[in-house]
Amino acid sequence: MPELPEVETTRRGLLSAVKGQQIVAVTVRRHDLRQPIPKTFAKTLTGTSITNVRRRAKYLLIDLDSGHILLSHLGMSGSFTVRKKAGYRPKTHDHVIIELKNSKLMVFHDPRRFGVMDIMKKGEEATHLLLKNLGPEPLEKDFSPRYLAEQLTRRKGPIKPVLMDQKLVVGVGNIYASEALYLCGLHPSLPAHKLAPKAPEMVNAIRATLRAAIASGGSTLRDYVGASNEGGYFQHEFKVYGRDGEPCFACSTIIETCTHAGRSTYWCPQCQPIRAKAQKH
DNA sequence: ATATATCCCTGCGCGC
DNA sequence: TGCGCGCAGGGATATA
C-alpha cells in the first residue's frame with residue numbers, strides 16, 4: 001500500500017476536507033474487495049455525520065456521530081480522494097462513492113481490490129479481527145528501543161521482513177523497511193536477533209524515515225494519491241529503494257537488490273556492510 | 001511459534 | 001504495434 005506515510009497523508013487530507021460533513025448518499029459499485037463490503041454499508045453510513053478521521057497502522061478509521069466507524073485499508077493500490085460532485089463521472093475501479101452534504105464526494109478507488117471497507121462500532125478498535133493483532137505505532141512511545149530489542153531476540157530470520165511484520169511494529173512496508181535500514185547502516189539480511197543492541201538506532205531510523213516521508217506527502221510510484229488527488233514527493237528522496245545498479249549518493253557504491261520472503265530489498269553494500277566493520281583503536 | 005510460499009487482482013514496463 | 005512475462009506500495013492463509 002500505501003504504507004504509513006501515505007495513509008497518514010490521506011488521513012490528514014480527509015480530515016480537513018470532510019470533518020463535520022453529513023453523508024447524504026453512498027454508492028457501492030463493487031463490493032468484492034479483499035473481503036466483501038458489508039451489505040449494510042450504505043444504509044449504515046447514510047444520514048450520519050463525520051466527526052473525526054483517525055489512523056491505526058495502515059487503516060483509516062472514520063468516526064461517525066452514530067457511533068459507527070468506517071474502517072478502510074488502501075491495500076496495494078487504493079486511494080481515498082475528495083472531489084466536487086459537479087462534473088464527476090465514475091472511473092473504472094472507483095468502487096465506493098460517498099456523497100456529502102456540501103456537494104463533495106469521497107471516492108474510494110482501488111484497481112487491485114486488495115483494499116478493505118468495513119463498518120465497526122465505537123470501542124471495537126481492540127477487538128476487531130483486522131486490528132486486534134497489530135503491534136505498536138512506530139511514532140508512539142510504546143515502540144521503544146527496549147521493546148524492539150526484546151522482540152528482535154526471538155526472531156532468527158533476516159531483519160528486513162521482520163520490520164515489515166505488523167505484529168512487531170505497524171506501518172512499515174516494503175519501501176520504508178529498505179530505507180530505514182539504509183539510514184541506520186544495517187544490512188537487510190542480518191539476523192534480527194543479532195541486532196538487539198542496535199535497537200535504539202533502529203527506532204530512530206524508522207521514525208525519521210516515516211516522518212520525512214509524511215513531510216513530503218508520502219511516496220507516489222503508481223496508483224497512490226492523497227485525499228486531494230495529488231501524489232507525494234518522497235519517491236524522489238529514496239536512497240536505495242528501486243535504485244539497484246545505481247551509485248549510492250553517499251559513497252558511489254552500486255546499490256544491490258535481492259528478495260526477502262518474496263519482496264524486493266535494496267541496500268548499499270558499503271554503507272550497510274554484512275559484517276561489522278573492525279573497530280579502530 | 002516462526003519463516004517461507006502462495007494467492008488474491010489489475011496494470012504496466014520490458015524484451016522479443 | 002502486439003504479446004507474454006514478471007513485477008508491483010499489503011496481507012491472510014497454508015505449509016514446513
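None of the values given here were measured: they were computed from a predicted structure. By convention in this document, chain letters (A, B, ...) are assigned in the order of the sequence lines, proteins followed by strands, and residues within each chain are numbered from 1.
Around OH of A/Tyr88, the count of heavy atoms belonging to other residues, nucleotides or ligands within 6.0 Å exceeds 12.
Per the geometry, CG belonging to A/Leu74 stands 10 Å off C1' belonging to C/dG9, to the nearest Å. For the pair A/Met164 CE and C/dA12 C1', the computed distance is 14 Å after rounding to whole Å. Between the NZ atom of A/Lys156 and the C1' atom of B/dT2 there is a distance of 11 Å, given to the nearest Å. Between the P atom of C/dG11 and the CZ atom of A/Arg56 lies a distance of 12 Å, rounded to the nearest Å. If you measure from atom CD of A/Gln235 to atom C1' of C/dA8, you get 15 Å, rounded to the nearest angstrom. Taking atom CE on A/Met76 and atom C1' on C/dA12, their separation rounds to 13 Å, with Å as the unit. At whole-Å resolution of the value, CG in A/Asp118 and C1' in C/dG11 are 15 Å apart. With rounding to whole Å, A/Arg154 atom CZ is found 11 Å from B/dA3 atom P.
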Checklist outcome for this item: Each base of DNA chain B marked ( ) or [ ] if paired in-strand (Watson-Crick or G-U under 3.5 Å), | if paired to another strand and . if unpaired gives .|||||||.|||||||
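Using the six-membered ring where Trp is involved, A/Phe234 and A/Tyr176 have ring planes that are tilted, between 30° and 60° apart. Below 30°, between 30° and 60°, or above 60°: for A/Tyr266 and A/Tyr241 the angle between ring planes is above 60°, a perpendicular geometry.
Counting only heavy atoms from C-beta on, A/Pro158 has its side chain closest to B/dT4 among B/dT4, C/dA8, C/dA12.
The NE2 atom of A/His95 sits 7.0 Å away from atom CZ of A/Phe108, with the distance rounded to the nearest 0.5 Å.
C/dG6 and B/dT6 are spaced 14 Å apart, taking the P atom of each and rounding to whole Å. Separating the C1' atom of B/dA3 from that of C/dG9 is a span of 22 Å, rounded to the nearest Å.
Under 4.0 angstrom from either OP1 or OP2 of C/dG9 there lies no side-chain N or O belonging to A/Ser178. Side-chain N/O atoms of A/Tyr241 include one lying less than 4.0 angstrom from OP1 or OP2 on C/dG9. In this structure, A/Lys58 reaches the C/dG11 phosphate: one of its side-chain N or O atoms is under 4.0 Å from OP1 or OP2.
Geometric assessment of A/Arg243 against the ring of A/Tyr182 yields a negative cation-pi assignment under the 6.0 Å and 45° thresholds.
Residue-level contact check: A/Ser219 touches the bases, meaning some heavy atom is under 4.0 Å from a base atom. Counting any heavy atom pair closer than 4.0 Å across all strands shown, A/Arg263 reaches a base atom. Residue contacts shown for A/Ile175 are limited to sugar-phosphate atoms, with no base heavy atom under 4.0 Å away.
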Checklist entry - When you check every protein heavy atom under 4.0 Å of nucleotides 6-11 of chain B, what one-letter string (B, S, -) results, 5' to 3'? => result --BBBS
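Here the closest heavy-atom approach between residue A/Cys184 and residue A/Glu201 is recorded as CB-O, 3.9 Å. The minimum heavy-atom distance between A/Pro136 and A/Tyr147, with the atom names listed, is CD-OH, 3.3 Å.
Side chain of A/Thr48 to backbone of A/Asp65: no donor-acceptor contact under 3.5 angstrom is found. Formation of a donor-acceptor pair under 3.5 Å by the A/Glu125 side chain with backbone atoms of A/Lys122 is not found in this model.
Side-chain contact between A/Glu99 and A/Lys104 is absent, with no heavy-atom pair separated by less than 4.5 Å.
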